[in-house]
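Residue numbers begin at 1 in each chain, while the letters A, B, ... track the order of the sequences. Note: hydrogens, waters and symmetry copies are ignored here, and every other heavy atom, side chains too, is used.
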Amino acid sequence: MCYHSSITKSREELEAAFDARFAEPQDYQPIFHGNGFTFLRWPVITAEHPKLIQGYHWGLIPFWCKSREAADELRVHTLNAVSETVFEKPSFKHCIRQKRCLVLSSGFFEWRTSGKLKYPYFVTLKSRELFAMAGLYDRFTDQQTGEVIDTFTVLTTPANALMEKIHNSKKRMPAILKKDQEQEWLLGELNKTAFYRLITPYDTNDMQAYSISKRITSRSENSNVPEVLAPHHYEALND
DNA sequence: CCAGACGTTGTT
DNA sequence: GTCTGG
DNA sequence: CCAGACGTTGTT
DNA sequence: GTCTGG
């Protein structure tokens with residue numbers, strides 16, 4: 001799963017890493033911690049505009065939603081999409097052919113359960129480079145108000161060995177694309193076989209994770225600050 | 001996902 | 001829009 | 001036929 | 001314990 005993510009590189013670094021330009025450069029600010037349940041705007045690259053980095057709302061709302069109320073109920077549950085079942089799910093199946101996207105990130109957050117307590121971890125590539133998670137996107141129009149909402153979801157795969165160590169998320173992890181597979185995900189003609197050749201658990205040896213403080217879920221202090229990413233040791237954890 | 005509320009009456 | 005359950 | 005759902009995670 | 005809100 002992946003409900004909390006981070007993207008801390010500069011606008012220039014993102015544009016260089018993905019060979020694309022921000023549609024609205026003035027809107028981009030690094031996000032140290034973003035909570036998907038706030039449906040915040042996040043940098044993505046869509047199949048429709050592969051040379052643009054755009055801000056889409058996390059939590060996919062299918063085009064067929066009949067009302068804003070129905071959309072608000074559904075989007076809570078579509079922050080992630082189980083890759084093994086997306087070809088069958090009404091919320092996602094129509095996106096697979098033409099509405100795949102790259103969800104840009106420099107790291108994401110998971111919780112490890114130990115005893116009765118949960119401890120947050122920050123997960124990155126060992127290289128600390130930017131990466132792209134495989135996503136799907138859609139556009140919803142509220143027929144009452146005319147409001148248009150562009151949204152996306154992050155595909156998940158079974159956990160690799162590193163993610164299994166973080167108890168709370170041992171079963172699932174976001175689908176991270178290898179750098180040389182990003183363009184095929186975005187623009188390829190993908191049948192089921194080709195789709196699942198790209199959507200696999202990322203190589204454990206190229207990832208790292210460390211525990212961080214609980215600032216990330218503080219309600220009294222802003223969690224979107226650099227300090228949220230600082231390593232934090234817990235006596236209760238043996239690492 | 002986690003944090004925080006979870007209740008009533010009456011009203012600066 | 002499309003599928004399932006009654 | 002129509003009505004209603006449409007989704008994810010975890011269970012140390 | 002369980003639900004709501006972010």
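- The cationic atom of K179(A) (NZ for Lys, CZ for Arg) lies less than 6.0 Å from the six-membered ring centre of F18(A) and within 45° of the ring axis.
- Running 5' to 3' along DNA chain E, contacts with non-hydrogen atoms of chain A at under 4.0 Å begin and end at dG5(E) to dG6(E).
- Rounded to a whole Å, the OH atom of Y3(A) is 12 Å from the C1' atom of dC2(B).
- The aromatic ring centroids of F152(A) and H57(A) lie 6.0 Å or more from each other.
- In this structure, R215(A) places its CZ atom 14 Å from P of dA3(B), rounding to the nearest Å.
- Side-chain contact, T78(A) with S91(A): no donor N or O sits under 3.5 Å from an acceptor N or O.
- N35(A) comes within 4.0 angstrom of a nucleotide base, judged by non-hydrogen atoms across all strands.
- Distances from the side chain of N80(A) to the nucleotides dT9(D), dT12(D), dC1(B) place dT9(D) closest.
- Between the C1' atom of dT8(D) and the CZ atom of R172(A) lies a distance of 10 Å, rounded to the nearest Å.
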Nucleotide pairing, DNA chain B (Watson-Crick or G-U, distances under 3.5 Å), in dot-bracket with [ ] and |: ||||||......
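- A donor atom on one side chain and an acceptor atom on the other are found under 3.5 Å apart for H33(A) and S223(A).
- Atom NZ in K171(A) sits roughly 14 Å away from atom P in dT8(D) (whole-Å rounding).
- Residues Y234(A) and Y119(A) bring their aromatic ring centres within 6.0 Å.
- Less than 6.0 angstrom separates the ring centroid of Y3(A) from the ring centroid of F37(A).
- K178(A) forms no cation-pi arrangement with Y202(A), by the criterion of a distance under 6.0 Å to the ring centre and an angle within 45° of the ring axis.
- Taking the C1' atom of each, dG10(D) and dT2(E) are spaced 16 Å apart, rounded to whole Å.
- D206(A) has no carboxylate O lying under 4.0 Å from a charged side-chain N of K126(A), or vice versa, which leaves the two without a salt bridge.
- Rounded to a whole Å, the NZ atom of K214(A) is 7 Å from the P atom of dA3(B).
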Side-chain donor/acceptor pairs under 3.5 Å, residues 39-50 of chain A, sequence neighbours excluded:
from   : atom 1 : to      : atom 2 : distance (Å)
R41(A) : NE     : G55(A)  : O      : 3.1
R41(A) : NH2    : G55(A)  : O      : 3.2
W42(A) : NE1    : L104(A) : O      : 2.6
T46(A) : OG1    : H49(A)  : N      : 3.1

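- Nearest to the side chain of L74(A), among dC1(B), dT12(D), dC6(D), sits dC6(D).
- In this structure, M173(A) atom CE and dC1(B) atom P are separated by 17 Å, rounded to whole Å.
- Residue side chain F37(A) meets the stacking definition with respect to dC1(B): its ring centre sits within less than 5.5 angstrom of the base's six-membered ring centre, and the planes differ by less than 30 degrees.
- Aromatic pair F32(A)/F122(A): ring centres not closer than 6.0 Å.
- Here the separation of dG4(B) from dT9(D), taken at their P atoms, is 25 Å to the nearest Å.
- Taking the six-membered ring for Trp, F195(A) and W185(A) have ring centres closer than 6.0 Å.
- Following rounding to the nearest Å, H94(A) (NE2) and dC6(D) (P) show an atom-to-atom distance of 16 Å.
- Using a 4.0 Å heavy-atom cutoff across all strands shown, V82(A) reaches sugar-phosphate atoms only and no base atom.
- As judged by a 4.0 angstrom heavy-atom cut-off over every strand, F109(A) is placed among residues making no nucleic acid contact.
- Heavy atoms of F92(A) sit under 4.0 angstrom from primed sugar atoms or phosphate atoms, though from no base atom.
- You won't find any donor-acceptor pair under 3.5 Å spanning the side chain of K89(A) and the base of dT8(D), going by distance alone.
- For dA3(B), the OP1/OP2 oxygens have a side-chain nitrogen or oxygen of T217(A) closer than 4.0 Å.
- Taking the C1' atoms as reference points, dT8(D) lies 10 Å from dC1(B), given to the whole Å.
- We find that NZ of K66(A) is positioned 12 Å from P of dA3(D), with the value rounded to whole Å.
- The residue A81(A) sits close only to the backbone: its heavy atoms come under 4.0 Å of sugar-phosphate atoms, none of a base.
- For the P atoms, the distance from dC3(E) to dG7(B) is 13 Å, rounded to whole Å.
- As judged by a 4.0 angstrom heavy-atom cut-off over every strand, T156(A) is placed among residues touching the sugar-phosphate backbone only.
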